[in-house]
*Asks:* 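Handing you a structure now.
Chain A is the first sequence line, chain B the second, and so forth, proteins listed ahead of strands; every chain is numbered from 1. Side chains included, hydrogens not; waters and symmetry mates left out as well; all remaining heavy atoms used.
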Number of protein chains: 2
Amino acid sequence: MAQRNQLKYIILGLLSEKKLTGYDITKAFDSDIGEFWSANHSQIYPLLKRLEDDALITHELELVGEKLEKKLYSITSAGKTVLREWLSEPTPEISATKDEFILKLYFIHSADDPLLLPMLTEQHQLHQAKLTHLKNQMSRKFPDETSQNNLGHFLILQHAIQRETRYTAWLQDIIDKVSR
Amino acid sequence: MAQRNQLKYIILGLLSEKKLTGYDITKAFDSDIGEFWSANHSQIYPLLKRLEDDALITHELELVGEKLEKKLYSITSAGKTVLREWLSEPTPEISATKDEFILKLYFIHSADDPLLLPMLTEQHQLHQAKLTHLKNQMSRKFPDETSQNNLGHFLILQHAIQRETRYTAWLQDIIDKVSR
DNA sequence: CCCTCCATGTAACTGGTTACATGATTTC
DNA sequence: GAAATCATGTAACCAGTTACATGGAGGG
């Protein structure tokens, strides 16, 4: 997608909470944020430089051990303004959910197609695993059902769990009908 | 996404049903397939050329009126093989659902944030509209609840309707809690 | 004759992935 | 001392968007 840099806002959003290195930001996509977005370090480092050029962030050097200097980035007030503006803007797009399985399914015209059942069971397993993972995340991050100072994260997890629950149920339903 | 060309398979899939021009394929993304995928003609035309170079499709010229020649593309048997192989392959990725609203929500930490309620109501309206549209599509395309020779399309519509139903209910639930 | 739709292309640019490349620190 | 992890970058490439560009056919 050659769209308006959304990664930019993720970085600003993360830095608005605390100071982070490029490496920390990269890591964030393996955990929390990885649940619904992805990015590689090769994309992050150049973007950090660009954001600093635009004065939305700055960095200070921190010495680790003898030689290793890491760059601790923090958001500037200009950066905070840009972030807040983005949050305030309307979000009128409903992304086209590019799910490859759904795409394949579109080209399965008949219930008799021998590919159908294997496809369905594979996806069911995947989404079941994802659901389990999400539920674990939920009980790890929000053990006492209070969303504390992290309402957004709580809601997103809740949303994802509902989505995967619905997805697996849908698949199960088709499996039942097809294999009957 | 710089991933394995999925558009390629969409084109092969569409051509496996009937002969189409580049224009027809472009149009397909405004209706049926547009429900879950998007593509521009500027991406389609060069790809058609590439697929023809790879002998997965061919074209014949058809004269319209006096001068206008349109290219009617059809799939070759090599193309059919490639399509079938793609359908047979596992689909082990769960795409990261890049939903900008979800992203924004992640950075809303408190229920007191004045941006929260407007965001929620905006999204509720959008997804409600989408749901209505999908239901219309369903009754237009499958008026008598039989999925005929188009099982895949039927299932995808069903899935999308369930997804949007779930999405709007989730939003409504948060709205109720926040505005209470 | 004008407007809409049919029809096909190219160019410039941005976003994102994969691969290349290097070196320090920590842990076992 | 070896392996895993921390830490930062660049280069090549592919996917996808926006804009540029052209012209015929059909309907009113």
*Asks:* Considering non-hydrogen atoms only, spot the tightest contact between B:H159 and A:I102 and give its length.
*Replies:*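 Taking B:H159 first and A:I102 second, the nearest heavy atoms are CD2-CD1, 3.5 Å.
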*Asks:* Write down the distance between NE2 (A:H59) and P (D:dA7), rounded to a whole number of angstrom.
*Replies:* 15 Å
*Asks:* Expressed in angstrom and rounded to an integer, what is the separation of B:D24 atom CG from C:dC6 atom C1'?
*Replies:*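 Result: 10 Å.
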*Asks:* What I want to find out is whether B:D53 reaches B:K49 closely enough, with some N-O distance under 4.0 Å, to be called a salt bridge.
*Replies:*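 Salt bridge between B:D53 and B:K49, a charged N being under 4.0 Å from a carboxylate O: no.
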*Asks:* Looking just at side-chain N and O atoms, do B:K104 and A:T91 make a donor-acceptor pair shorter than 3.5 Å?
*Replies:*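 B:K104 vs A:T91: donor-acceptor pair found between side chains.
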*Asks:* For the ring pair B:Y23 and B:H41, is the centre-to-centre distance below 6.0 Å?
*Replies:* no
*Asks:* Write down the distance between CG (A:L61) and C1' (D:dG9), rounded to a whole number of angstrom.
*Replies:* 15 Å
*Asks:* Tell me the interatomic distance from A:R50, atom CZ, to C:dG16, atom P, rounded to whole angstroms.
*Replies:*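 The distance from CZ of A:R50 to P of C:dG16 comes to 11 Å, rounded to the nearest Å.
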*Asks:* So does B:K27 get a side-chain nitrogen or oxygen closer than 4.0 Å to the phosphate oxygens (OP1/OP2) of C:dC6?
*Replies:* yes
*Asks:* Taking the side chain of A:E66 as heavy atoms from C-beta outward, which of D:dT17, C:dT25, D:dT8 is closest to it?
*Replies:* C:dT25
*Asks:* Give the angle between the helix axes at the two ends of the helix from C:dC1-D:dG28 to C:dC28-D:dG1, taking five base pairs at each end and rounding to 10°.
*Replies:* 30°
*Asks:* Which is more 5' along DNA chain C, the nucleotide nearest A:G65 or the one nearest A:Q43? Just name the residue.
*Replies:* A:Q43
*Asks:* Roughly, in whole Å, what's the span from CG in A:L63 to C1' in D:dT8?
*Replies:* 15 Å
*Asks:* Starting the side chain at C-beta, find the nucleotide from C:dG16, D:dG16, D:dA15 nearest to A:K98.
*Replies:* D:dG16
*Asks:* How many whole angstroms separate atom NZ of B:K49 from atom P of C:dA7?
*Replies:* 18 Å
*Asks:* Among C:dA7, C:dT25, D:dC6, which nucleotide has an atom closest to any side-chain atom of A:V64?
*Replies:* C:dT25
*Asks:* Tell me whether A:K18 is salt-bridged to A:D24, with the criterion being a basic N under 4.0 Å from an acidic carboxylate O.
*Replies:*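 No salt bridge links A:K18 with A:D24.
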*Asks:* Have a look at A:K8 and say if it touches a base, only the backbone sugar-phosphate, or nothing, with a 4.0 Å heavy-atom cut-off.
*Replies:* nothing
*Asks:* So which nucleotide from C:dC6, C:dA24, C:dG16 ends up closest to the side chain of A:L68?
*Replies:*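 Nucleotide nearest to A:L68's side chain: C:dA24.
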*Asks:* Tell whether B:T21 reaches the base of C:dT8 with its side chain through a donor-acceptor pair below 3.5 angstrom.
*Replies:* no
*Asks:* Nearest-Å distance, NZ (B:K70) to P (C:dC5)?
*Replies:* 17 Å
*Asks:* Can you find a side-chain donor-acceptor pair between B:D113 and B:S110 that sits under 3.5 Å?
*Replies:*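 The answer is no; no qualifying pair exists.
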*Asks:* For the side chain of A:Y23, starting at C-beta, report the closest nucleotide among C:dG16, D:dT8, D:dT18.
*Replies:*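 Minimum distance to the A:Y23 side chain belongs to D:dT8.
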*Asks:* Do B:D99 and B:Y167 meet the criterion of a side-chain donor-acceptor pair at a distance under 3.5 Å?
*Replies:* yes
*Asks:* Please pick, from C:dT10, C:dT25, D:dA25, the nucleotide with the shortest atom-to-atom distance to any side-chain atom of B:S42.
*Replies:* C:dT10
*Asks:* Using only side-chain N and O atoms of B:N40, determine if any of them is under 4.0 Å from OP1 or OP2 of D:dG16.
*Replies:* no
*Asks:* Side chains of B:W86 and A:E100: any donor to acceptor distance under 3.5 Å?
*Replies:*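 Side-chain D/A pair, A:E100 to B:W86: present.
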*Asks:* Is the phosphate of D:dG23, meaning OP1 or OP2, less than 4.0 Å from a side-chain N or O of B:K67?
*Replies:*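 So the side chain of B:K67 is outside the cut-off, no N or O lying under 4.0 Å from OP1 or OP2 of D:dG23.
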*Asks:* Could you give the OH-to-C1' distance, from B:Y45 to D:dG23, as a whole number of Å?
*Replies:* 13 Å
*Asks:* Side chain of B:H41 only, please: which of D:dA19, D:dG16, D:dA7 is the nearest?
*Replies:* D:dA19
